[in-house]
Each structure stands twice: as C-alpha cells, then as structure tokens.
Number of protein chains: 2
Amino acid sequence: MNSVHPDNLTANPLYREVQWRITRALAAGEWKPGEAIPSESRLAAQFKVSIGTIRRAIDELVAGRILVRQQGRGTFVATHTEDRTLFYFFHVVGKDGSREFPESEMLGFRKERSDEADERDFGLARGTRVARLRNLLKLGGQPVVLDDITVPVEEFPKLDEATFRKREGTIYGLYQARYGVNVVRISERLSAAQPPAEVAGILGMHPNQPALQMRRIAYSYNDSPVEYRRSWINTAEHEYLSDLWKTAAR
Amino acid sequence: MNSVHPDNLTANPLYREVQWRITRALAAGEWKPGEAIPSESRLAAQFKVSIGTIRRAIDELVAGRILVRQQGRGTFVATHTEDRTLFYFFHVVGKDGSREFPESEMLGFRKERSDEADERDFGLARGTRVARLRNLLKLGGQPVVLDDITVPVEEFPKLDEATFRKREGTIYGLYQARYGVNVVRISERLSAAQPPAEVAGILGMHPNQPALQMRRIAYSYNDSPVEYRRSWINTAEHEYLSDLWKTAAR
DNA sequence: TTCGATTTGTTCGTATGTATT
DNA sequence: TAATACATACGAACAAATCGA
C-alpha cells in the first residue's frame, strides 16, 4: 500500500490522519471521558490500517494526556477525576515542596457580556455572553488562590450557580462530566503585582504585600479555547512550580 | 528471542535498557553535543537488537530534547545554540506575547563556599566550592531578568570570569561546548516578592514595585543537578509563560 | 545534473509476553 | 481457564531527505 492513504489529501502520514480522526471523534463526543475507545484491533479494522499505525496515532494522544492506556483493559478517554491529572493543571505547591489537594469554595456567580478586558487578555470577542465565577482555593485550610473564571455560555448550556456549588471534584471534572467539555491543555502567564485590597483581604494578606497574578487560557481538543481565568496567588507560604517533564531522560 | 534480554537484570523492557545505555554514553561524553550518534542500523548491530527497538529507545530521548533526528542525515546530540532550545528554557515573554532573544551582560563573578541558603533552597551540601555569577538579561534594551547563578566548581574545571564574559551564545551553550555539561531539564519555582533595593535599581524598577522571584535547578542526564539560580524578573512589561506543550492534540 | 549510497520516516505484518476480566 | 487487550520485539519493504561522487 502507498504511504499516503487514498483519502488523505493533506499529505500527512497515515498515523497522523488516524490521530485526527480519533481527535475529531473525541471532540464530537463519540467516546465520553472515562469510557473505553474501541480496541486497537477494532480501530485497525475500522480504519483499514495496521495495528501498528493505530498504536502510533494513540501514542501521541496518550503523551498529550488525552487518552490513557491500561494493559489488559483498554484505552480510555482521560478524566479530571484523578489526582495526577489534577497536578498536571494545578501548579501551586508548598514552599517545602508539598503537594496538596486544594479545598474549593465558590464566592460568586453571575452572567453578563464579555468586556474590553476579556478581548485584550484572552482574545475573546467583545459582547459574548459569559458566565463569571469567583472561586477560592484553600491549602491546609489557608486561602491561597483566588480564581476569577470566565466561560462562554454557549459552550456550557444551562450553566447555573447551584451546579458549581454542589459539584464534587474539580471544576474541569465538572466541565467534562456535565458539559462534555474536556480541557486537555492550558497556557498560563504570570507576573508579580499588588492585588486590590478586596483580593488581599480574601487571601488574608497583609496590605502592600505582593502576589502572583496569573492569566490562564484552557483549551479543549484541536486547541479550541474553552475557559479563561484571572487568578491571584498568595505566595507567602506557597509557590508556582514549573517542572518540564520528568518523563524522558529518566 | 525473549522479551527480556539476557544481560538485562532489572526486568526493564529492552528498549529502555538500550535507552539507558545511550544515556550513559552521552553522560560519559562518548558523543558530544552537535555530533551525530551512530546510525540506527549500526546501533542495532552493536546492541544486538532490532532497529525497531533502537528507534523506540531514541524516540524517548528525542521527546526529551536530548537527541535530534534529521531524516537523511542522522541523529544528533542536542545543542543549546538553536533558538528553539533557548525558548524551551527561557520563559520570559513580552506582555504582547512577543518572544525575543535576550541580550546578556555579566555583572559579577566570584568563587566561594556554598552556604546555608544554598542548602535550604537547592539541597546543595554546605561548604561545596562554588562559582557565583551575576548575569543581567535585557529585552529590547531594557533590563528584565537578573540571574544569580551558582555552579559547583567541581563540575566546571578551570572556570573563570573571562570565559563567561567573552562567550557567544547562551550560558547553557557554554556549559555544553566548553565543559561537556549538557542541561536537559529545568525545574522552576516562582513567587512574588519585593526585590532588594539594589536589585530594583539594576532592573530599573520603581521602589515598592513587586517582582517575580524565581529559583531554578537545572539538570543534566540522569536527573543530576548541575546549576542553581536565583532570579528576579521585572514584570512591568514582560511575563512568565508556562505553556504545556502544543505537541500533541494539535 | 544525475546517480547511488546512506539515513531516518512510514507502514505493514507476525509472534509472543503480560495484565485484566 | 479462556478470551481479550495492550506491550514488546522482530523483520521487511518502501518513501523521503541528504550528501558526495
């Protein structure tokens, strides 16, 4: 067979074409988070390629934490209910290096139109209907992170305050389980600044004490942005950890 | 042949054993940065494994940016002379998202013994002979990052001020070319703080303006630490970008 | 410019091992 | 125990890029 598949018009290798098709199926909700996707042999038959090509396609999705393989069981769509996926997206640790599961408390919820700041910070078209959510994260009982979250209402139908307040697990877990929105990648920008008095008060900071200011964009499949955050982090006892994979190189 | 190679006592898969052996050879300086390692077919013959196993072993080292493949040419030990490797380790960007090659200026150099702070921050045994280097990075002509770098003298024989001052390219490029020390991974911890007046002055900051404080540990092969930094970043016009790979998921 | 050798890249197939159900 | 699914290892064939004769 040729190295280029007949219905592959983009001159991409076959395994990448397969990867696309799997990604599209995921984006379309064909297989839900936590569920198993068809077995490699079944996918090979379905796509009419060798099992090795299927494995190669899945390899990259596993590396991107979009799928999870389990020998003897199957290959599953990654969920946000496991601790390791949490710490893939949550980078605040104790200054002693301790990692802790944060306790979450919702402080506010409203719906409105996106404004100029959203356009400047996130490239979000002005006037988009959005929900705003203020969420406080505590570590060891102490308030450490204040998140101001913005999501387009369109992506999250029938979103309401009670859903957020009564949720179990992480916010991304909620997106995934209830709205079928799967966050697979984030981009964060950090700077140091003086938080507003209101924020400093919530975070229990002394006045004039600086804090970490963060802007995050969260992406789903195919690099489509689905959530925007402005956060303040009290770094008196904690810090932001950026650790570029321990995967390879041992 | 068995899945476990005769001289593989650790019950690791064969490709990982091969990966180890390649990594050890790299750490021993058998192949220098910029040089080609033996071809896959040659390695396969040398290690008495199939070429597929060699490819699998190299795959992970390429993913970890330790090796670089080039079709038709060979597989090379990664260097710090290319722009893309620079931005893998340098995370400061303009607030408008612009990436710029920093201009470097050495402000100080001395040798001494490591102190209590090094032990606390980096786990570096107290009393180790170290070199201290103060380096200023400018972006667009403006001072933005001040690095206080600490390296164990043992790893860098005959290290002197002139070598640093007259270098071309990055500091990690210098480590690599002149001392055979190849930085392959870094871990960074960030917090917000008030810089000392001296630092604020160097960075051209207004007094009482907060800055990003960073501690970095740089690792070579096999996760052995080789360099320690304390940095201050002026985030008036720039910010720290943490973008967890765009590789997969497209 | 052409050609051939070399090297990595892609795809296929097969056999066997290991974990799960 | 048997069936299923992923994991490892091998090999073959051809494609595509590179480089020097």
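All chains are named by letter (A, B, ...) in the order of the sequence lines, taking the proteins before the strands, and each is independently numbered beginning at 1.
- Comparing D:dA5, D:dA9, C:dT10 by their nearest atom to the side chain of A:Tyr15 picks out C:dT10.
- In this structure, the side chain of B:Thr23 engages the main chain of B:Gln19 through a donor-acceptor pair within 3.5 Å.
- Residues passing the salt bridge (charged side-chain N to carboxylate O under 4.0 Å, His left out) test with B:Arg229, sequence neighbours excluded: B:Asp147, B:Glu227.
- The salt bridge (charged side-chain N to carboxylate O under 4.0 Å, His left out) search around A:Asp160 returns none, not counting sequence neighbours.
- Contacts with DNA chain C (heavy atom under 4.0 Å) in residues 50-57 of chain A: A:Ser50, A:Thr53, A:Arg56, listed by number.
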Would you list the atom pairs, donor with acceptor, under 3.5 Å between side chains in residues 26-35 of chain B and any protein atom, with sequence neighbours excluded?
unit_1	atom_1	unit_2	atom_2	d
B:Lys32	NZ	B:Gly29	O	2.8
B:Glu35	OE1	B:Lys32	N	3.2

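- Spacing between atom CG of A:Leu43 and atom P of C:dT11 amounts to 16 Å, rounded to whole angstrom units.
- Rounded to an integer number of Å, the gap from CD of B:Glu60 to C1' of D:dA7 is 13 Å.
- Salt-bridge formation is not detected for the pair A:Arg165/A:Glu105: no Lys NZ or Arg NE/NH1/NH2 atom is positioned less than 4.0 Å from an Asp or Glu carboxylate oxygen.
- Protein atom CD of B:Glu40 is 11 Å distant from nucleotide atom P of C:dT10, rounded to whole Å.
- Checked against salt bridge (charged side-chain N to carboxylate O under 4.0 Å, His left out), A:Arg230 has the following partners two or more places apart in sequence or in another chain: A:Asp118, A:Asp121.
- A salt bridge does not link B:Asp59 with A:Arg56: none of the charged nitrogens is closer than 4.0 Å to a carboxylate oxygen.
- Here D:dC10 is the nucleotide among C:dT11, D:dC10, D:dC6 with the atom lying nearest to any side-chain atom of B:Leu14.
- Between A:His80 and A:Phe89, the ring planes lie tilted relative to each other; the angle falls in the 30° to 60° range.
- With respect to the salt-bridge test (charged N to carboxylate O, under 4.0 angstrom), the residues B:Glu188 and B:Arg216 qualify.
- Nucleotide C:dT11 has D:dA12 as its partner under the Watson-Crick or G-U criteria, with both atom distances under 3.5 Å.
- Between the CD1 atom of A:Ile37 and the C1' atom of D:dC6 there is a distance of 11 Å, rounded to whole Å.
- Residues of residues 67-76 of chain B that place a heavy atom closer than 4.0 Å to DNA chain D, in numerical order, are B:Gln71, B:Gly72, B:Arg73.
- Per the geometry, CZ belonging to A:Phe47 stands 14 Å off P belonging to C:dT11, to the nearest Å.
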